[in-house]
Structures are given as structure tokens and as C-alpha cells.
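Here the structure is laid out as C-alpha cells; the discussion comes afterwards.
Computed from a prediction, not measured in an experiment: that's the story for all the values here. Every chain is numbered from 1, with letters handed out A, B, ... down the list of sequences.
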Number of protein chains: 2
Amino acid sequence: MKQTDVMGKTSTTASRRPGRPVGGQLEVDREQVLDAAERVIARDGAGASIEAVAFEAGVTKPIVYDRVGGRADLADALAERLADRMAAAAAAAVRVDTTLTKESLRGFIEASLLVVGRHRNLFLYVTGGTTEQTALGRLKLTERSTTPMSSALIAWRTGFGQPTDVAEAWAFGIVGMLQMVSMWWLTQDQRSASEVAEQITDLLWHGLPGSGRES
Amino acid sequence: MKQTDVMGKTSTTASRRPGRPVGGQLEVDREQVLDAAERVIARDGAGASIEAVAFEAGVTKPIVYDRVGGRADLADALAERLADRMAAAAAAAVRVDTTLTKESLRGFIEASLLVVGRHRNLFLYVTGGTTEQTALGRLKLTERSTTPMSSALIAWRTGFGQPTDVAEAWAFGIVGMLQMVSMWWLTQDQRSASEVAEQITDLLWHGLPGSGRES
DNA sequence: AAACGAAAGTTACCAGTAGTAAGTTAGGTG
DNA sequence: CACCTAACTTACTACTGGTAACTTTCGTTT
């Protein structure tokens, strides 16, 4: 996690001269900074510093602050990306929109797990807050995942004439369950994603009494 | 979050002379440091620094490092305390050991929520990791909660002749659900703990299809 | 065309924080 | 009495998030 310097210069100093660039155009835009952040996190781990991100992007710290804001905003933006990627993977696997079946739930969970596995460090970076602000801020980012799920739950339960006031609590609960299971799964080499997805699906679909006994 | 100094001296300097204390005994032991940490976190928020903890304990930083270790170890120790307190509250409310009923599950969840509400900042401190190490370290701390739950699940399912290989995944999932719901509940002033506990219990007990339709 | 302000960067700095090495005093032991 | 060890404090290093100040170029106005 030392970073220090990669070339001869201390990484604080950029390779470019100060001042407005000759082209007159922005050197790197927000998306490129976020791309760089993902690269450095994937390579060096979740403890990546803003400076390392700036260096990877080929610019200096104030640029990062100008493009994406502080560290909390960076985590938020990356969380949005990850959440979107999970949603896309899930959408590609199954269709949760209107009809929710046990099989589609299982597909959704497994797709989420696989995305987390593919972006391990990013997931750890995004779910690992720092201060109190970002601790409750992680909540805000989680909403990126909960909002669609909440809507889906409302639509689904409405279709069956069931009360929808549980949707929000359920959505947060399910997202929390998924996050923790993902984290745990990252430490397990034996279990396959489909195995874990199956087990969690069973719990979420049939409830604790499970496939066996009286309700 | 400024801390800086409380008396005239900059908080880096202690009020006591250096050297071995006159009594020959330890000035403060591990438990007292942890108590101090809980106080300062409860008062000043989850962003409390090691130095602030040391100051609250009436000692200096190296003492904290000697007694409890680094920041990650401090979080671990405090997490153990919080988990034990939750377990105690749950045990006082219901008996989950051998028989698990819907009502006892509901009591367990509500008791957990209330403990979180009573130790809001501590909960945020404990669930808010920093680097990659503590991100996966939070997993380890979570195990403090999951281990008893896992045993309970195994015992319970064994009693009904159901397979127990799901226990670990389920335990992590349930703990994750509880943590996220707690966090969300902290931001909601309207909803009562019992209301949220009821909703989450419904989900965990009856499953997503809920009280309405076919399984 | 010269002057000037705005835009886009870098440099250099500040404040705070985790962690540690070195110095200091008191108690015990040959 | 000398010496070692235990239990502290002081003072420091290394690093990080964040920002103010400075530098260069572009576009526009007189």
C-alpha cells in the first residue's frame, strides 16, 4: 500500500506543466477519473487513496476533487456503477419486473454474487465506509439498490392485493442480507455462487420454517 | 470533531509525569480503555480518534496500543461488546435456544433494534470499517453474532430433521439483514422498533410470498 | 493587435491521524 | 548499591484528505 512513487518523481508531482492545456479541452472527464479509480482499486486493493487515483488518471488531486468531489462522493459514484452493473447482470439473467418467481429470485441473487466476485475490491471499497458521515452515507448508496427493489416489491404485492407498507423495510433487509452474504462468500473458496444463491433463495422464499414443517 | 485540547495543554501531552507510576500497578487496564472508548464514541460520534480515546481514558496513545492494539482491534473489541449486549438483551426478552417460534424471532429482532438505538454511535463506529483489512475484519466481528445464531439454526433444524448445511449462509444473511435494517431504522424517526421488527419477522418467517398467496 | 478576464492545471501547503521509536521514572533483584 | 525490567510519556514519522495560491492558455473585448 506504499505507492510513494512509480517514476523518479514523488507521485505528488505530475508529469505535465501547470496551466491550461494546449488543446483548451478538459484533460480527463469525470468518467475517466472513475475508470481510473476502478483500475487502481482493482489492482491495489480497497485502501486506494485519492492521490493514487489521480496518478492513475494521469492528473493531480485537485482534478479529482473537481470532477467527482471528495472521497465520499467517489465512493458514492463507484457504488452507483457497481449497483448498475449488478442490476444489468440480473436483468440479463432474469426478468424481475412484473412477475417474481422463485427461480427469478434465485437468478437475481446468483447474478449479484457473481458481479461481486468479479469486482471484489471495488465491492469492498464501496461497502467499507470511513467516518460517521459515510457510514450513514453508505445507506444512501445502498438506496441505489433498494429503490428498484422496493418498487418491484410494491408492484408485486399490489398485484396480489397485499399491503405494501413493508416494501421499504424489506428492501433494505434484502439488500443488507445480500451484501453480508456476498462479503462472507468472498472469503469462502469452496462454495459456488449457485450453491449459496440457492440457500439464500430458500430462506427468502420459504422463510425460516423452510421446506419442512408447519408455519 | 476538533478535539484539539480541553485543558490548556495540547491534548498530545498528558497531565501525568512520564515513568512508571508510583503504585507500581497498571494505571488503566484493557476494560477501562474500552469503557473510555465507548464514552467518547457515544459523546463525540463515530469518528473518534485513538488519541481522543486515550485522552478520555486519562492516558496516552501508546497505552491504548498496548492494551487493545490498533484501530482495527479496538473496533473488534467494541463489536464483541455490542454483540454480547445484543445477545443478552435478546436472551432477556425471549428464549431462542431450543424452540424457535415466530414470536421469539420477533422478540429477538426488536431487542436487537433497541440495543442499536441505545448505542447508535457505537453501532456506526463498529459497522463502519476503514481499510480493506477492516472491511473483511468486520466480517470477523460479525461472526460474533453469527456463530450463536448458526448454532441455534443447526440445533433447530436438526430437531426437525432438516439439513443443516444452510445454517452458515443463513446466519450471515440474517445478521446482514439485521444490520442494514438497523442502520436504515436509525434514520427513520417515525417508525417504531416493534413495527419494523414485525415487518422483518414476517419476511423471515413466511418468506417473500408472504401471508397471501401460493408458495 | 494588445489587454484582460476566465478556464484548466499544477504546486505547495495545512490539519489531522495511525502507529512507533526513544527517552524517563519507579520498582524489584543479585 | 548497581542494574535490569516494567510502565509510562514525549516526540516523532509517514501518510492522507482537502484546499489555497500560483501558472499557463484560451477567448473576447476594446
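The two residues A/Leu113 and A/Ser182 come nearest to each other via the heavy atoms CD2-OG, 3.6 Å.
Atom OG1 in A/Thr146 sits 4.0 Å away from atom CZ in A/Phe172 (nearest 0.5 Å).
Nucleotide D/dC8 holds its C1' atom 14 Å from the CD atom of B/Gln25, rounded to whole Å. Between the NZ atom of B/Lys61 and the P atom of C/dA21 there is a distance of 13 Å, rounded to whole Å. A/Leu74 has its CG atom 14 Å from the C1' atom of D/dT16, to the nearest Å. With rounding to whole Å, A/Phe55 atom CZ is found 17 Å from D/dC15 atom C1'. Atom CG of A/Asp66 is separated from atom P of C/dA8 by 8 Å (rounded to the nearest Å). Put simply, CD on A/Glu27 is 13 Å from P on D/dT25, counting in whole angstrom units.
Checked by atom type and distance alone, the side chain of A/Arg67 pairs as donor or acceptor with a backbone atom of A/Val28 at under 3.5 Å.
Ion pairing of B/Asp76 with B/Arg71 is absent here, as no side-chain N (NZ or NE/NH1/NH2) approaches a carboxylate O to less than 4.0 Å.
For the side-chain contact (heavy atoms from CB on, under 4.5 Å) test with A/Leu74, the passing option among A/Ile50, A/Val126, A/Ile41 is A/Ile50; the others fail.
Place A/Arg67 and B/Val22 on DNA chain C by their nearest nucleotides, and A/Arg67 ends up nearer the 5' end.
Relative to the ring axis of B/Trp205, B/Arg106 does not place its NZ or CZ within 45° and under 6.0 Å from the centre.
If you check C/dT20, D/dC26, D/dG18 against the side chain of B/Tyr65, the one that comes closest is C/dT20.
Axis angle, first five pairs versus last five pairs of the helix from C/dA1-D/dT30 to C/dG30-D/dC1: 30°, rounded to 10°.
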